[in-house]
Protein chains: 4
Amino acid sequence: MCSRTTRSGRTGRPRSAEADTAILDATRAALVDLGWSKLTMGDVATRAGVAKTTLYRRWGNKNELVVDAVAVLFDELELPDLGSLQADVEHVVLQFAALLERPETKTALMAVVAESTRDEPLRERIRTSIVERQKRLVLDGRRRAQERGELATDRDPETVAAVDDLIFDVIAGAVVHRALVSAEPVDRRWAERLSALLVGGLGAAADRG
Amino acid sequence: MCSRTTRSGRTGRPRSAEADTAILDATRAALVDLGWSKLTMGDVATRAGVAKTTLYRRWGNKNELVVDAVAVLFDELELPDLGSLQADVEHVVLQFAALLERPETKTALMAVVAESTRDEPLRERIRTSIVERQKRLVLDGRRRAQERGELATDRDPETVAAVDDLIFDVIAGAVVHRALVSAEPVDRRWAERLSALLVGGLGAAADRG
Amino acid sequence: MCSRTTRSGRTGRPRSAEADTAILDATRAALVDLGWSKLTMGDVATRAGVAKTTLYRRWGNKNELVVDAVAVLFDELELPDLGSLQADVEHVVLQFAALLERPETKTALMAVVAESTRDEPLRERIRTSIVERQKRLVLDGRRRAQERGELATDRDPETVAAVDDLIFDVIAGAVVHRALVSAEPVDRRWAERLSALLVGGLGAAADRG
Amino acid sequence: MCSRTTRSGRTGRPRSAEADTAILDATRAALVDLGWSKLTMGDVATRAGVAKTTLYRRWGNKNELVVDAVAVLFDELELPDLGSLQADVEHVVLQFAALLERPETKTALMAVVAESTRDEPLRERIRTSIVERQKRLVLDGRRRAQERGELATDRDPETVAAVDDLIFDVIAGAVVHRALVSAEPVDRRWAERLSALLVGGLGAAADRG
DNA sequence: TTCTAACCGAGACGGTACGTCAAGTCTTTGA
DNA sequence: TCAAAGACTTGACGTACCGTCTCGGTTAGAA
């Protein structure tokens, strides 16, 4: 979050907390209606019933606003224990795919990533607001699989972290690529195949190592 | 390719073939200097020594131009036979990562994918110009592995195609996500780990199946 | 006329005479439909069924073309002998007003005059193609009035020429100003009043001098 | 005037009054340097140190802007009492001719009149901004001549108005035609001749009537 | 008859200006 | 001090014409 709704300074009129949520809601609505490239700050301001100045007082530019508006959607992802690693992976794949189907995410996510290649602060904002926060899914899934005995527990911590990151990039990357680049549906069959590949690969590594 | 340099109609001054290449070169140069979002049609025209109207006569908008300018870079990817499936996968992962390191691709690819979520013709152009053309790498690699006996050959064709697609999405997606979203380096260690995961996963599937 | 349909050089295909008339007709039609400022060379060429190059081979620019297209209309003006100077003046005033009512003249005349204030060759073209050719009306009318005895004949030639010019500017200028600037109708009543003023003024001068 | 510098609504930043005058000054300067047809909105904006959008916020197009820029120049015309109708007419003729000699008026006046033949709002703007405001000269001159006894006072009001209009069209039209169409100098001799003609004509009418 | 130079249509070319739009800043009044 | 409103500068947009040029092809008169 950028804006400081809590009183930082002493005097003057306090910022409206309602404005914050109204703006983020309006941003998501605009993303649905217009997509990222046609979304304008003026339009968001109008939808939110707020002056453009108020937007700029809280977010430096369009990209930061969009990241914040979209980030919260990723917090919906959760990982119920479905009894097996394979089932857990399948479930998270389908959940993530459903999220990417929503127009506000599908158009916004790639756009801000694209912008972030030339904008280090934006990249950092994406990492902290979205990426790092969702790594919890991988960590939980792996821990649970270890508890079930599906995965070995004796590896060194560095390798564990590297594999966690790898799995995260593979799952997230594969789903995004399938959905947005290949433009093919992420259905149960595909999710099964991906999960099987990963679980098999993890198992094979364990067998060898 | 959008422009038809070959004579389509009979009469009139023919389009300049030099302009085509000058424009695409200028587009790549502008991507390097400015990135996608700061690239303007007017700037590209100036760099190419061409009038803005000449650009619009051939490409309807910035995105189509960028796709054509970038597509050719992907044709550099190749798959030398390194003796094992694992080595082949590692090699293509590193090649692809190197391509994504280049500023003209890293900024352009995600941007046009983002735009394509709201622009069906653009999505189609990306598929035909970039995505489908690179599937050859997966097909060749799989065929070679089958010849070496690393992979079984008796599966039904539908499954084979589905797995080809899956592998393609996993490799491309994982590399893109690692490089652009997680913003971590795609080095030899990571490439080994990813390759091992995939080869192991494919082997495990074969063992079961 | 700008184009030299007669053979100037020796060899080669001669210019099409039909093209000339088609272009001038098309120009007048375009003036009616679009007015001067919206008339484009490309549109005239299309209407005439002719290539733009053919226009520019014959007329240097839009203004020269329009002058030639409109000039011929002024040749319709004539001065039948109506028996008195007053009647003759009235008649030519109404004729001129009718000409200025036509959309192709009303929009074109002022426009080319405006352009001519910054374009000496154009001004010369207007003088020779339009202005000087219509002075005949004043000369004929004055000569006839002298024959009738309405005006004295003994003045010195320089003064006569000066008064001819004055009368021309007064009649033409007054009608144009009434019709296009004041935007009031040039009807019979107004024509009578103007004629009476002029004839009276000329007579008074004769009385005095 | 187009812009409403006075507060019409309640809130928001008010329009800059300095911008108004800077723009009109810049327009006149551009007319002097470039003439009407080469004058561009972008150039005027640059000269005025103002954004193009600021121009368009206040004037819908080039013609309206030019009318406003030029109209004020006509207010310089005045009618000092020179003792006789003939002298008064001579004076206003020469004054008007001097105004038409200025490059900003000579190129602009005819151009906007030409445009007004296809643009009713523009015609109205010209009438109210320029034409009607200068009729005062004729009214004052006639009234003064009546006070001196040079003209009869007993005519019916309708005829008086019609003759006022006639005189206005004749003087303005003749001067414009002489200066811009015939392209001959409006010197003292010519002014004398025109004045004599008009005064004589008015007197003759009185004699008859 | 055959050459050949100037013509013809079509339409792409490098430009210039257009009028619009959005970004992000600034300046008011009012809470 | 913040808020809403809206005018501000900047700069790119995509379009329309400009006047020029390059094609393939035609049409006379000269050789």
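Per chain, numbering begins at 1; letters A, B, ... match sequence-line order.
Between the CG atom of D:L65 and the C1' atom of E:dC18 there is a distance of 15 Å, rounded to whole Å. Between A:E18 atom CD and F:dA3 atom C1' there is a gap of 13 Å when expressed in whole angstrom units.
Distance from the side chain of D:Y56 is smallest for E:dT20 among the nucleotides E:dT20, F:dC21, F:dA28. The side chain of C:K62 sits closest to F:dC18 out of F:dC18, F:dA5, E:dC13.
Within the 4.5 Å cutoff, the side chain of A:Y56 has heavy atoms near those of the A:M41 side chain. Two residues are said to be in side-chain contact when any heavy atoms from C-beta on lie closer than 4.5 Å; A:L109 and A:W36 fail this criterion. Side-chain contact between C:W59 and C:V67 is absent, with no heavy-atom pair separated by less than 4.5 Å.
Non-hydrogen atoms lying under 4.0 Å from DNA chain F are contributed by nothing in residues 109-119 of chain C.
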Could you list all N or O pairs between the protein and nucleotides 10-12 of chain F that sit under 3.5 Å apart?
unit_1: F:dT10; atom_1: O4; unit_2: D:T53; atom_2: OG1; d: 3.4

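Residue D:R13 places no side-chain atom within donor-acceptor reach of the base of F:dC8, judged by atom type and a 3.5 Å distance cut-off alone.
Nearest-nucleotide positions on DNA chain E for C:A19 and B:A19 put C:A19 closer to the 5' end.
Between atom CZ of residue C:R123 and atom OG1 of residue C:T117 there is a gap of 7.5 Å, rounded to the nearest 0.5 Å.
Among pairs with a residue in residues 30-40 of chain A, those fulfilling salt bridge (charged side-chain N to carboxylate O under 4.0 Å, His left out) read A:D33-A:R47, at least two apart in sequence or across chains.
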